[in-house]
Structure formats: C-alpha cells, structure tokens
Amino acid sequence: MSFNPADNIQDLQYFGEFGGVNPSISDSSTYTFLSAKTMFDTFEGNADGCYLYSRHSSPSNLYLDKALASMEGTEAACVAASGMGAITSTLLQLCASGDEIVSSRTIYGGTYAFLKNFAPKLGIRTTFCDFTKAEVVEKAITANTKLLYCETVSNPLLEVIDIAAMAEIAKRHNLKLVVDNTFSPLSIAPAKMGADIVIHSLTKYINGSSDTVAGVTCASREFVNDLKNVNTGAAMLLGPTMDSLRSASVMKNMRTLHIRMKQHSHNALYLAQQFEKIGLKTVYPGLRSHPGHELFQRMMNAEYGFGGMLTIDVGSLDKANELMELMQQRNLGYLAVSLGFYKTLFSAPGSSTSSEIPVEEQAEMGLTDGLIRFSIGLDNDIERTFLNMKSCMEDVGVLLTTRA
Ligand SMILES: *Cc1c(COP(=O)(O)O)cnc(C)c1O
C-alpha cells in the first residue's frame, strides 16, 4: 500500500524558532501587528502566516493540524479541546434545523447522547441503525438526510464498518460521510476509502498518555475553513479551542504513535487468542471468529494490526466487577474508562461509557451486563500478563462458569 500514515508523520520537519528540534510553543492568546492594514487582512483571513487571536488559530495548533491531516491523508484538519468538541462542532457545521442524520447505533456514549438528547433541541433528528448492513442504512435515508455518521471500529462492541460501501451510499445520495476513527489510528485510513470527514478523540491512542482530553476534525481545506470562519464557523463560534501548550505535547506524543500501535495490537491479539482458547467469549477484530475480521483485513495498513481493544463476556456484572477489582489489585491494569494508555485499562461499558444508552437498546445491540472492555497496554511480556489474568479468572470462578 502506498499510503503510509506513519511515514507521513515522520516526514514532517518542523524547526523551532531558535533551531530547537521541537517547534517553539506559541504561548500567546493575541498577536501584534506592525501595520493596521495587516491586522484587518488577517481578520478577514487574507494574510497568510499572520496570527490574530488564538481562538482563530495559533502556530502550535497549526503544527498539530498539519500532522493529523497528513496522518489521515486529508487536505487539512482542525484540532479541538476534546473529541466531543470536534464531533459536535462538525455535526453542527453540517446540519441546521430540519436536517436529519443517519447514525450507527453502536457509537460512543457521549456522541449517542448528543444526537439523541441535545441535537433535537436544535431541530436536528437522528435515525440510529445497524451500519454493518448497507441496505439498512440506505433505507434509513430520507430527503432531509444530510450525513451518515459511524465509527470505523465501534465502541464498545468492535463492529467493523465497510467505509468504502458507506462512502458509495453517501455519494449516491449526495450526503457527507463522517467517520470517528478513534479506535483505529494508522491501521485504517477512512478518508482514503472515501470518507469526507475523519474525527479523532486525541485523548485516546494518539496522545496515549491519559494526561489530556483533545480532539480533531480532518477534512477538506474548504470544510476546515468553514469550521474556522469568523462569521459562521462552529469551531470558531462555539469555541472548543485547544490550548497551545497541550497541542505541543500531543504533537510530541504523536511521534511514537506507530511504535505504540504495533505493541498495543501485538499484545491484544495475543491475549484475544489465549482468552478464546481457554473458552472465554472474546470479541477482537483480529480473531477469525469476529464477523468483521475479513473486512478489517481488507481495509487495514497491516503493519499496525487490529488495534488494542477487546472485550470478553464473563456472564454477569457482579462477576465482571469482581474480576476487574482483582486484576487491579494484582497490578494488571486500572479499573478506568478511556483507552490507549500504556497500562491496560478495563471497564464494564454497560454501567460506564455506554450507560447513556437505554438498557433495552443495550440488550438489542448485544451490549450485555457481563461485558468487560479492555484497552490493552504496552506490556513488555504479554505471556506473563496472560498467565496472571488467567489466575485472576480462576480465582473469581469466571473460567469455570464459562466452561459449564
Ligand atoms: C472518547 C471518545 C470520544 C470522545 O472524546 P473526548 O476526547 O472524551 O471528548 C469520541 N469517540 C470515541 C470513539 C471515543 O472513544
């Protein structure tokens, strides 16, 4: 494959103001002008390389924008103070009162809550459906539909969506395809398969150190300009602006993303295979038993693997809680939401990250009580980790239950 996102990141050469190997951090909210005329032109967006005010843009944020755009293979990008800041400003830029969204039903809980509870206050309605079935998606489209929304690999059930098929439907109906690629950076490049807009919560893998929340919208130059427009831009007017100090630190972490993704994927694949072998109900796109395995394989940049997320089902919420508490006690990871950390994180999505989704709907989409979501860490000796996890499972009786 000729498109390699990690090479694109590596090839970015930034010099600091004083020749530093890291670009200087722009520690200012406002910028001076030697002439009043240039200030006017900058405000109008006509003075390249000039900065006015840091909610509009800042050198540090533009560096990170550029790195993320080259990673996703889009013309431009716009960083935001959180993943939700990127998602909501993108959707509000595209939709007005009376418009409709067709969304995958298995999406991040916050996005689901926004579409279900908040957007209707602005007259924007959403139909949720099963995005693994193209005909179901196509049937949900009406004359008012503006966009299709999905996650490449969905949270928390790890459904894999056929991005090229969705892009084809979107084109045919003159819709935008918006894809949240948070779970599969580097592995999958949705824009290369026809997605119009690719969003990330940088909070997860891309930053990778669980020390900040951040987000990005990667899109055409035209759409990013729309987002930043001083009169009509959602990113400009709603103000989810990333701080320059943070964008500089995300940028530095991004330099090691490819190494981390390979290790996350290696460890997760090993654990998923072992978990399946000992009889646990395991969901991981790298397993042949996963319904989206071949599709993922067809779409992926193989060297980065199937990602670091997997789920197991241990039968009940009580068992799930007992197991997670014991694994934390034995230092195998943290009982915490979020993902992409160097250490393994685990949580029960039904009662945490997907709790915005009503219980009946959780059941319908296969989100069971006993589900544990793992974000597998960068453990050096994953065999040792597996043996320790297995003994936790034996001690809480999970393995016996699943064998019976
Ligand atoms: C975490 C997450 C978000 C929200 O991002 P924040 O940075 O927490 O605002 C959106 N989508 C997915 C898939 C996520 O995992």
Side-chain angles (χ1 to χ4, degrees), residues 61 64 68 72 77-92 101 103-119 126 128 131 149-161 163 178-188 190 195 197-218 234-235 238-243 246-247 249-250 253-254 257 261 264 268 285 292 307-311 336-341 345-350 352-357 365 367 371 373-376:
N61 286 6
L64 185 58
L68 290 159
E72 286 297 353
C78 177
V79 293
S82 71
M84 286 308 296
I87 291 166
T88 54
S89 49
T90 298
L91 296 179
L92 293 177
I101 294 171
S103 168
S104 164
R105 58 182 191 176
T106 55
I107 52 171
Y108 179 69
T111 312
Y112 180 85
F114 174 75
L115 291 174
K116 176 131 184 160
N117 307 322
F118 198 102
T126 300
F128 296 95
F131 266 57
Y149 185 90
C150 65
E151 296 172 6
T152 322
V153 178
S154 78
N155 178 34
L157 295 169
L158 310 177
E159 274 176 8
V160 183
I161 306 301
I163 301 298
V178 182
V179 177
D180 179 336
N181 198 33
T182 300
F183 276 36
S184 43
L186 305 185
S187 294
I188 296 177
I197 296 171
V198 181
I199 295 178
H200 282 276
S201 166
L202 304 176
T203 313
K204 315 299 169 47
Y205 286 110
I206 293 177
N207 185 56
S209 50
S210 293
D211 57 0
T212 189
V213 286
V216 70
T217 302
C218 302
L238 301 175
T241 313
M242 195 194 289
D243 183 75
R246 270 309 178 191
S247 71
S249 94
V250 173
N253 286 352
M254 203 178 153
L257 179 63
M261 284 319 296
H264 284 302
M309 302 302 294
L310 65 87
T311 72
V337 299
S338 199
L339 50 130
F341 196 38
L345 304 177
F346 32 77
S347 58
S352 63
T353 52
S354 295
S355 57
E356 294 93 337
I357 301 171
M365 61 178 71
L367 227 167
L371 206 70
R373 184 186 83 170
F374 286 80
S375 163
I376 303 301

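Whatever order the structure lists ligands and atoms in, that order sets their numbers, starting from 1.
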Q.
Side chains of Arg373 and Asn155 only: does a donor on one sit below 3.5 Å from an acceptor on the other?
A.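 Side-chain D/A pair, Arg373 to Asn155: present.
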Q. Side chains of Thr217 and Thr90: donor-acceptor distance under 3.5 Å anywhere?
A.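 Short answer, yes.
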Q) Counting distance only, does the side-chain N/O of Asn61 pair as donor-acceptor with the main-chain N or O of Val79 below 3.5 Å? A)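 Answer holds: no.
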Q. Is the backbone of Ala234 close enough, under 3.5 Å, to the side chain of Ser89 for a donor and an acceptor to pair up by distance?
A.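 Such a contact is absent between Ser89 side chain and Ala234 backbone.
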Q.
Measuring from atom CE of Met309 to atom CZ of Phe374, what distance do you get when rounded to the nearest 0.5 angstrom?
A.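 Reported value, rounded in 0.5 Å steps: 10.5 Å.
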Identify all pairs of nitrogen or oxygen atoms, one from ligand 1 and one from the protein, separated by less than 3.5 Å, and list them with distances.
residue  : atom   : partner : partner atom : Å
ligand 1 : 5 (O)  : Ser201  : OG           : 3.0
ligand 1 : 7 (O)  : Gly83   : N            : 2.8
ligand 1 : 7 (O)  : Ser201  : OG           : 2.8
ligand 1 : 7 (O)  : Thr203  : OG1          : 2.6
ligand 1 : 9 (O)  : Gly83   : N            : 3.0
ligand 1 : 9 (O)  : Met84   : N            : 2.8
ligand 1 : 11 (N) : Asp180  : OD2          : 2.6
ligand 1 : 15 (O) : Lys204  : NZ           : 2.7

Q: Only counting residues at least two apart or in another chain, list the ones meeting side chain to side chain contact (heavy atoms under 4.5 Å, CB included) with Ala81.
A: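 With sequence neighbours excluded, Ala81 shows a side chain to side chain contact (heavy atoms under 4.5 Å, CB included) to no residue whatsoever.
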